[in-house]
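For reference, the structure discussed in these notes is given below.
Naming: A, B, ... by sequence-line order, numbering from 1 per chain.
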Amino acid sequence: MNKKIIIRTLEKIALYMELKGENPFKVSAFRKAAQALELDQRSLDEIDDVTKLKGIGKGTGDVILDLMENGKSSVLEELQEEVPKGLVPLMKLQGMGGKKIAKLYKELGIDSAESLKQACLDHQIQKLPGFGPKSEEKILKELMEFDSKPGRHPIWKTEEAVEFINGVLSGIEEVSEYSVAGSYRRTKETSKDLDFIVATAQPAIVKEQLLDALPIQETIASGDTKVSVTVEFQDPIDIDFRLVAPEEFVTALHHFTGSKDHNVKMRQLAKSQNKKISEYGVEQEDGTVATFASEADFYAHFGLPFIPPTVREDGRELDLLDDISKLVDLADIQGDMHMHTTWSDGAHSLTEMIDACRAHNYNYMVITDHSEYLKVANGLTPERLLKQNAEIRELNEKYGDIEVLSGTEMDILPDGTLDFDDSVLEQLDFVIASIHSSFQQPQEQIMARLLTAMKNPHVDMIAHPTGRIVGQRGGYDPDMEQLLDWAKEYGKIVELNASPYRLDLAVEHLEMAQEKGVPVAINTDAHAIEQLDVMAIGVRHAQKAWLKKDNVVNTWPLEKLKEYLKK
DNA sequence: GCCGTTTTCGGCCCGACTGTTTTCAGTCG
């Protein structure tokens with residue numbers, strides 16, 4: 001039995017219980033049990049008694065046992081007989097939860113989106129106690145927009161909205177401090193909505209100015225301290241603003257940065273110290289409320305080191321405090337090993353890229369223009385590559401503060417061969433191998449292509465190993481376990497491509513790489529000097545996978561890196 | 001349903017907002 005299936009079954013049971021209107025604590029007990037399994041690094045076979053895990057007791061333990069012995073869960077099957085399947089998608093309607101849906105089913109026999117819609121049109125909903133005309137109207141409206149609303153927004157889309165709103169907030173005089181919070185601040189690759197914390201002594205004025213300045217499509221909620229709106233950018237996106245007093249800014253920022261699990265853990269910790277955390281401050285035993293000048297002070301108040309937003313996710317961060325100081329940090333990055341110039345499809349020249357990297361205080365950098373096969377990107381022929389190589393060597397003599405290495409981003413062709421001969425590759429300092437074509441090939445063929453690159457002694461790194469674009473395309477779906485095993489066997493580096501479009505490898509694959517001892521390089525793949533800045537996003541993404549500095553090759557000094565590349 | 005060096009029963013994070021009520025339940029983050 002697959003551990004993932006068990007986790008998903010427990011979550012499904014929780015969902016169905018919710019739809020029955022079950023006790024919320026019972027529901028969350030099943031979710032907690034699923035999470036306990038997920039957080040345990042061991043495989044199912046390695047856990048001798050699941051009920052020994054915190055959060056798994058008799059009830060949830062029996063479900064797991066049932067699944068392992070019979071391949072199915074009688075608890076889930078019984079629930080599925082009781083609760084119509086059509087109710088599940090209704091949970092996605094805004095403002096609708098298990099209790100309301102259970103009531104609709106019980107009182108009106110509503111068992112699907114269609115029957116709910118009909119009941120609205122027949123004005124049956126407003127007759128129910130607890131519901132009214134407004135509820136009915138809202139449900140109908142939600143149902144109409146059901147399919148057209150985008151789900152999660154990829155980070156490269158939200159970036160633009162965040163910058164726009166930052167601009168608006170910085171222009172309002174009464175705002176003393178502001179910050180984006182939520183999953184965007186934690187550098188999740190997608191966000192459901194955006195959250196902003198705004199510190200001000202005059203919330204009413206700020207609220208008015210804010211609502212004036214934004215292209216608002218719809219106002220979802222508008223209270224004294226909380227404003228929720230749908231704003232029209234490229235796509236419509238929901239944004240929450242929390243207006244707080246200046247002294248509450250830090251605790252509010254922490255609260256709304258989340259994650260929810262992190263907050264729960266923090267509040268439990270506070271409680272054990274006889275304190276109480278809310279977004280307004282930390283209530284002490286004597287009833288006074290402490291506020292803070294920074295998040296570092298807030299954590300220190302509980303005897304904790306600063307926990308970066310990137311790792312505030314599933315709660316395990318509070319058990320891994322010693323690892324926080326080992327996390328890769330932007331300040332550790334010594335060089336960028338993947339970038340393009342006007343020689344292929346970059347926007348800036350060799351010297352412009354070198355000067356930009358010097359401005360980043362890097363000790364080294366690698367020029368890696370595209371290879372011949374990639375005609376659309378003006379890929380370099382062997383002759384042009386060698387000419388560029390000579391030019392780089394000459395240029396490198398001029399700079400005392402940075403070492404400019406000569407490399408290539410070489411295509412792995414659809415037929416599985418490499419774009420350059422060994423006689424060319426051996427003249428370069430650094431060779432990247434990449435797939436840019438024929439993504440639709442079956443996995444065996446993709447893996448065969450990757451294996452050719454792995455086996456070539458001149459290849460140093462596999463770039464953007466899955467070819468995905470966040471929220472848009474899945475890539476060529478390699479067998480990641482196998483790919484990483486090969487990387488380990490043949491001594492190759494795998495890339496974390498820092499472009500917000502790619503963030504390739506994904507977090508779970510980075511975790512896998514670190515576990516297997518495969519070194520990672522965080523590179524920008526910059527096609528213009530401004531894009532060198534996405535290193536910061538790449539590093540934060542790496543933190544989400546708990547990547548340690550030592551496992552990231554471009555934190556190494558040049559000598560150590562060169563030594564490694566010789567092998 | 002799960003948990004317990006003060007607890008085997010009574011808690012389980014905390015507060016805002018909405019729409020329904022006439023003091024509060026449900027939902028959300």
Atom CG of A:Leu128 and atom P of B:dA25: how far apart are they, to the nearest Å? 18 Å
Side chain of A:Ala29 (C-beta onward), nearest among B:dG1, B:dT18, B:dG29: B:dG1
Calculate the interatomic distance between A:His254 atom NE2 and B:dG15 atom C1'; express it in whole Å. 16 Å
Is it true that A:Glu317 and A:Lys544 have a side-chain N and a carboxylate O under 4.0 angstrom from each other? no
For the C1' atoms, the ones on B:dT21 and on B:dC17, what distance do you get once it is rounded to whole angstrom? 15 Å
Does a side-chain N or O from A:Thr60 land closer than 4.0 Å to OP1 or OP2 of B:dC2, or not? yes
Looking only at atom P, what distance separates B:dG4 and B:dC13, rounded to whole Å? 14 Å
Let's test this: given Watson-Crick or G-U wobble pairing with both distances under 3.5 Å, identify the partner of B:dT8. none
Give me, pair by pair, the N or O atoms of the protein and of nucleotides 3-11 of chain B that are less than 3.5 Å apart, along with how far apart they are.
from  : atom 1 : to      : atom 2 : distance (Å)
B:dC3 : OP1    : A:Gly55 : N      : 2.6

For a quick check of understanding: with a heavy-atom distance under 4.0 Å over all strands, which category does A:Gly258 fall into, base, sugar-phosphate or nothing? nothing
Tell me whether the side-chain N/O atoms of A:Lys103 come closer than 4.0 Å to OP1 or OP2 in B:dA25. no
Among B:dA16, B:dC13, B:dG1, the nucleotide that comes nearest once only the side chain of A:Lys26 is considered: B:dG1
Inspect the contact between A:Glu313 and A:Arg186 and indicate whether a charged nitrogen and a carboxylate oxygen are less than 4.0 angstrom apart. yes
Inspect the contact between A:Glu136 and A:Lys141 and indicate whether a charged nitrogen and a carboxylate oxygen are less than 4.0 angstrom apart. no
Between B:dT22 and B:dT5 - P atom distance, rounded Å: 44 Å
Under-4.0 Å salt bridge between A:Lys26 and A:Glu18: no
Can you tell me the distance, in whole Å, between the CG atom of A:Leu15 and the C1' atom of B:dG1? 17 Å
Minimum-distance nucleotide (side-chain atoms of A:Asp195 versus B:dT18, B:dG29, B:dC2): B:dG29
Can you tell me if the side-chain N/O atoms of A:Ser28 get under 4.0 Å from OP1 or OP2 in B:dG1? no
Does the pair A:Asp323/A:Lys326 count as a salt bridge with the N-to-O cut at 4.0 Å? yes
Nearest-Å distance for atom pair NZ/P, residues A:Lys276 and B:dC13: 13 Å
A:Ile197 CD1 to B:dA16 C1': how many Å, rounded? 13 Å
Distance between the P atoms of B:dT23 and B:dC28, in whole angstroms? 26 Å
Could you check whether A:Glu82 pairs with A:Lys20 (Lys NZ or Arg NE/NH1/NH2 to Asp/Glu carboxylate O, under 4.0 Å)? yes
Are A:Tyr280 and B:dA16 close enough that a side-chain N or O sits under 4.0 Å from OP1 or OP2? yes
What's the gap between B:dG1 and B:dT6 when it is taken at their C1' atoms, as a whole Å value? 24 Å
DNA chain B: 5'-proximal contact among A:Asp193 and A:Val227 (nearest heavy atom): A:Val227
B:dC3 and B:dT8: how far apart are their C1' atoms, nearest whole angstrom? 10 Å
Do the side-chain N or O atoms of A:Lys99 get closer than 4.0 angstrom to the phosphate oxygens (OP1, OP2) of B:dG26? yes
Taking atom P of B:dC28 as reference, at what distance in whole Å does atom NZ of A:Lys260 sit? 10 Å
For B:dA25 versus B:dT20, give the span between their P atoms, rounded off to a whole number of Å. 16 Å
A:Glu279 has an atom CD; how far is it from atom P of B:dA16, in whole Å? 6 Å
Under 6.0 Å between ring centres, would you say that holds for A:His254 and A:His262? yes
Keeping the roles fixed (side chain from A:Asp504, backbone from A:Gly467), state whether a donor-acceptor pair exists under 3.5 Å. yes
Separation of B:dG15 atom P from A:Asp224 atom CG, nearest Å, is 17 Å
Checking salt bridge (Lys or Arg N to Asp or Glu O under 4.0 Å) against A:Glu189, which of A:Arg468, A:Lys157, A:Arg152, A:Arg502 comes through? A:Arg468
Closest to the A:Phe30 side chain: B:dT20, B:dC17, B:dG1? B:dG1
Looking at A:Thr225, I'd like to know whether one of its side-chain N or O atoms comes within less than 4.0 Å of OP1 or OP2 on B:dC17. yes
Please determine, for the side chain of A:Ser135, which listed nucleotide (B:dC13, B:dC14, B:dG19) has the closest atom? B:dG19
Ignoring the backbone of A:Ser278, work out which of B:dC17, B:dG29, B:dC14 is nearest its side chain. B:dC14
From B:dT20, B:dT27, B:dC14, pick the nucleotide closest to the side chain of A:Lys100? B:dT27
Ranking A:Glu283 and A:Met91 by the position along DNA chain B of their nearest nucleotide, the one closer to 5' is A:Glu283
Charged N to carboxylate O under 4.0 angstrom, A:Glu218 versus A:Lys138? no
Against the side chain of A:Arg242, the closest entry in B:dC12, B:dA16, B:dT18 is B:dA16
Looking only at B:dG29, B:dC17, B:dC2, the nucleotide nearest the A:His255 side chain is B:dG29
